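Fair warning: this is a prediction, and the values are worked out from it, not measured in the lab. Letters A, B, ... mirror the listed sequences (proteins, then strands); counts begin at 1.
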Amino acid sequence: MAERIPPEERLTNLVVALMATEIGIAKQQILESVSGYRQRVEAGAGADALEKMFERDKDDLRALGIPIETLGDHADPNDLREARYRIPQTEYDLPAEITFSPAELAVLTLAASAWRDGSMSQDARTGLRKIRSLGIEVDEPIIGFAPRLDLTPPAFAVLQAAIEAARGVAFSYVKPGESVPSEREVWPLALIDVENRWHLYAIDVAQQQERTFLLSRIVGAVRTLKATFDPALRQGAGERGLAGLQAVLERNVAHLEVHPGSEAAMRLAARMRPAQQGFDVGYLDAAIFADELASYGPEVRVVSPAALRDAVIDRLRATLTLHGETVPAAEDHQ
Amino acid sequence: MNARRAGTLLAPDRVRLYLSLVPYLAERGQVSVAEAAADFDVTEATMRTMVQKLTVIGLPGEDGYWQLDQDLFNINWDLLEHEDVIELTNTVALRRAPRLTAREAAALLSGLRLAQAVPGVDDDGTVTALIAKLAHGASGAPADVIVAPAAADEVRRVVAAALKQHRAVSFTYRVPDAAPTIRTVDPVKVHVANGQWYLQGWCHLRRAMRTFNLERVSDASVTERPNLHGADEVPELFAMSEAAPVVTVEVATELAPALGDYLSAAGSVDAGGTTTARLRLGDPRSVKRLATRFGGELTVLAPAESRAAAVEWAAAALAQYG
């Protein structure tokens with residue numbers, strides 16, 4: 001019975017071994033010499049099982065972002081029987097020219113605390129730890145602030161992974177004003193939080209045009225496709241998408257009458273521009289804005305556009321109906 | 001956030017930890033187990049075990065020989081046993097921190113976008129410089145995860161200044177359906193959640209910890225009074241007092257998540273696609289705003305005054321459209 005070496009020791013030994021070599025080590029040599037494999041070889045474990053274990057270990061380490069290089073046969077690079085493996089120091093190390101000031105580290109510490117739970121929170125903290133291990137003095141922490149990002153849409157993680165891998169995705173999407181979802185196939189480029197809602201900025205594959213999708217309008221699971229796209233398309237996509245959403249806010253303008261001093265006046269204050277007899281407010285999604293305006297009840301009257309006004313009236317009438325009230329007959333609003 | 005994780009780390013998590021722990025220890029020289037455990041968000045027992053295990057990790061032995069001492073990491077065992085302090089005495093590799101993964105960089109980048117709105121954080125272009133450094137220090141291109149910047153705001157600046165100067169802040173506070181009040185508050189914490197800014201602090205008027213939505217704040221100024229409660233414990237952000245009245249509503253289960261933080265403080269029962277939720281609201285009539293927001297998808301069941309308020313609210317709004 002061989003002494004049992006825990007997998008994290010075997011994996012860390014493998015990293016150390018692969019970093020210590022310039023020319024690479026062959027698989028057989030790894031299995032015979034690296035602690036964690038060696039003991040299993042000595043105990044007479046089957047070659048197949050050991051090779052499978054080595055393949056899994058490589059996958060696990062690559063998933064941690066560790067750059068394992070495979071050097072094939074010179075004569076035939078696709079022949080991996082004689083492959084040698086190594087981790088190039090220059091690709092592994094945090095580049096030496098990157099330094100952080102104590103003030104920057106204090107800001108990064110605040111940034112890392114923003115993700116509430118889940119894998120993004122863990123990624124942020126691990127990233128921060130790597131930077132802190134550079135041995136930088138920390139400024140006095142930024143006290144008293146707790147910014148928080150919430151990731152409710154389940155599609156988020158899948159889309160983020162697809163953006164990183166530059167792979168297409170497919171999903172069902174309900175357009176504003178429609179009730180039946182349609183199938184979309186897109187190249188995802190960036191995720192953007194505007195007005196507290198996550199948006200996907202992407203290229204619609206069929207139309208070859210850039211489009212923005214609201215994550216909460218995606219129905220069911222997002223499927224990652226095999227097909228990849230040109231990673232260069234992602235360059236500056238976040239800023240382009242944000243500019244596009246801001247253009248929508250400029251274009252979609254509601255004219256409202258708002259009771260001064262009311263809850264509505266306060267909630268809308270940052271978005272309102274004074275106009276003749278009332279205020280102009282830009283919005284991204286008519287259905288979501290109609291929900292918000294309906295919540296203000298008599299504090300807000302929608303003057304235009306007509307579709308938005310009708311959507312708010314629909315919600316008010318439905319509220320009455322649901323609570324067993326007779327609703328006044330619809331009139332023609334001019 | 002700083003809840004220490006239980007000792008159930010998966011093998012890749014532990015590898016990831018070792019890869020940052022070695023350069024951290026090499027840089028620090030000597031560090032207490034307690035401090036290292038806090039920095040790495042693990043229990044002290046986990047940290048102690050991991051450091052002990054580090055001493056069997058190292059370079060492969062030559063030609064099948066057992067590894068020699070200089071091939072393995074080593075620690076100062078006496079120091080660990082007697083003073084609970086970690087010191088590396090032999091380092092065979094991993095001296096420099098690894099690059100950030102694309103994910104790690106993306107998570108920090110989006111946190112930065114949010115932190116940018118905190119007064120004082122981006123005064124010297126700090127955030128812009130950090131964004132460039134993180135992208136450069138990552139092993140793969142991080143996904144663009146962008147949080148739209150919020151407009152600068154005088155109230156936030158005043159509250160930030162009060163926090164920094166350890167002084168009380170005074171302001172006018174407006175809540176729906178009530179007269180405005182003048183408050184003096186010893187600030188403890190500002191939360192930024194779902195685009196809303198909340199101040200938690202000790203309210204001189206109510207003589208208790210209170211949470212204030214900064215959107216409802218106006219005429220804010222820093223006072224001369226010292227902040228006497230700045231280090232006090234604050235309750236969970238959306239914790240509702242058990243004494244608050246209960247309002248019962250019914251909503252399609254698929255829409256229930258949209259109740260968000262209301263729901264988290266409530267008891268709810270799902271049956272046949274319908275969720276019945278018991279919400280705690282400071283003013284039971286304020287559920288009227290939820291009822292019209294859900295536009296016929298949310299029924300107020302009880303109490304009668306809440307139901308009546310919802311009906312009146314919708315009717316009054318509808319009357320404006322003649």
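- Of the listed residues K189(B), E27(B), R99(B), M50(B), the one with more heavy-atom pairs under 4.5 angstrom with chain A than any other is R99(B).
- In this structure, the side chains of I5(A) and S35(A) come closer than 4.5 Å at one or more pairs of heavy atoms.
- Your options are R16(B), H136(B), K164(B), and the one with the most heavy-atom pairs under 4.5 Å with chain A is R16(B).
- Looking at V312(A), the atoms closer than 4.5 Å to chain B (heavy atoms on both sides) all sit in the side chain, from C-beta outward.
- Under a 4.0 Å N-O distance rule, the pair K133(B)/E104(A) qualifies as a salt bridge.
- For a residue to count as touching a neighbouring chain, one of its non-hydrogen atoms must lie under 4.5 Å from one of that chain's; by this rule V56(B) touches chain A with backbone and side chain alike.
- Put simply, of T126(B), L134(B), V159(B), the one with the most heavy-atom pairs under 4.5 Å next to chain A is T126(B).
- Here R271(A) pairs with E292(A) under the salt bridge (charged side-chain N to carboxylate O under 4.0 Å, His left out) rule; sequence neighbours left out.
- Side-chain contact annotation: R125(A) with S121(A), donor-acceptor N/O pair under 3.5 Å present.
- Residue A162(A) does not touch chain B at all, counting heavy-atom pairs closer than 4.5 Å.
- Residues L301(B) and R307(B) share a closest heavy-atom pair of O-CD, 4.2 Å.
- Judged by the 6.0 Å and 45° rule, R10(A) forms a cation-pi pair with Y37(A).
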Between S218(B) and R174(B), is the side-chain hydrogen bond (donor to acceptor under 3.5 Å, both in side chains) condition met? List the steps. CA-CA 8 Å; S218(B) 53; R174(B) 290 187 168 79; 3.0 Å; yes
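- Atom CG of D291(A) and atom CG of L290(B) lie 11.5 Å apart (nearest 0.5 Å).
- Each of D93(A), D60(A), I163(A) has some count of heavy-atom pairs under 4.5 Å with chain B, and the biggest count is that of D93(A).
- Each of R197(A), E239(A), R234(A), H199(A) has some count of heavy-atom pairs under 4.5 Å with chain B, and the biggest count is that of E239(A).
- In this structure, the portion of T90(A) lying under 4.5 Å from any heavy atom of chain B is its backbone and not its side chain.
- Heavy-atom distances place both the backbone and the side chain of P95(A) under 4.5 Å from chain B.
- When each of P67(A), A269(A), A96(A) is scored by its heavy-atom pairs under 4.5 Å with chain B, the top score falls to A96(A).
- Looking only at heavy-atom pairs under 4.5 Å with chain B, the residue among Q89(A), Q160(A), E299(A) that has the most is E299(A).
- Residue contact with chain B, scored on non-hydrogen atoms closer than 4.5 Å, involves the side chain of M19(A) exclusively.
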Check the pair Y173(B), V217(B) against side chain to side chain contact (heavy atoms under 4.5 Å, CB included), reporting the backbone distance first and the verdict last. CA-CA 5 Å; Y173(B) 198 60; V217(B) 168; 3.7 Å; yes
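- Contact count against chain A (heavy-atom pairs under 4.5 Å) is highest for R103(B) among R28(B), K288(B), R103(B), E215(B).
- Residues V300(A) and Y321(B) come closest through the heavy atom pair O-OH, 4.0 Å.
- L214(B) and R156(B) get closest at one heavy-atom pair: CD1-CG, 4.1 Å.
- Of the two parts of Y201(A), neither the backbone nor the side chain holds a non-hydrogen atom closer than 4.5 Å to a non-hydrogen atom of chain B.
- With a 4.5 angstrom heavy-atom cutoff, V92(B) touches chain A only via side-chain atoms.
- The nearest pair of heavy atoms linking E8(A) to A11(B) is CB-O, 3.8 Å.
- Each of A190(A), G324(A), A290(A) has some count of heavy-atom pairs under 4.5 Å with chain B, and the biggest count is that of A190(A).
- The contact between A160(B) and chain A is made by backbone and side chain atoms together, counting heavy-atom distances below 4.5 Å.
- Across L163(B), L54(B), L199(B), N213(B), the residue that shares the most heavy-atom pairs under 4.5 angstrom with chain A is L163(B).
- Contacts between E195(A) and chain B at a heavy-atom distance below 4.5 Å are absent for every atom of the residue.
- Considering only heavy-atom pairs separated by less than 4.5 Å from chain A, the leading option among E297(B), R95(B), K53(B) is K53(B).
- In this structure, chain B has no heavy atom under 4.5 Å from any part of I25(A).
- Within the 4.5 Å cutoff, no side-chain heavy atoms of T101(B) are placed close to those of L64(A).
- Of the listed residues (A20(A), P6(A), A124(A)), the one with the most heavy-atom contacts under 4.5 Å to chain B is A124(A).
- For a residue to count as touching a neighbouring chain, one of its non-hydrogen atoms must lie under 4.5 Å from one of that chain's; by this rule I30(A) does not touch chain B.
- Interface residue R267(A): backbone and side-chain heavy atoms are both found under 4.5 Å from chain B.
- Of all non-hydrogen atoms in V31(B) and Y24(B), the two that sit nearest each other are CG2-OH, 3.7 Å.
- What you find for V249(B) and V300(B) is that their closest heavy atoms are CG1-CA, 4.3 Å.
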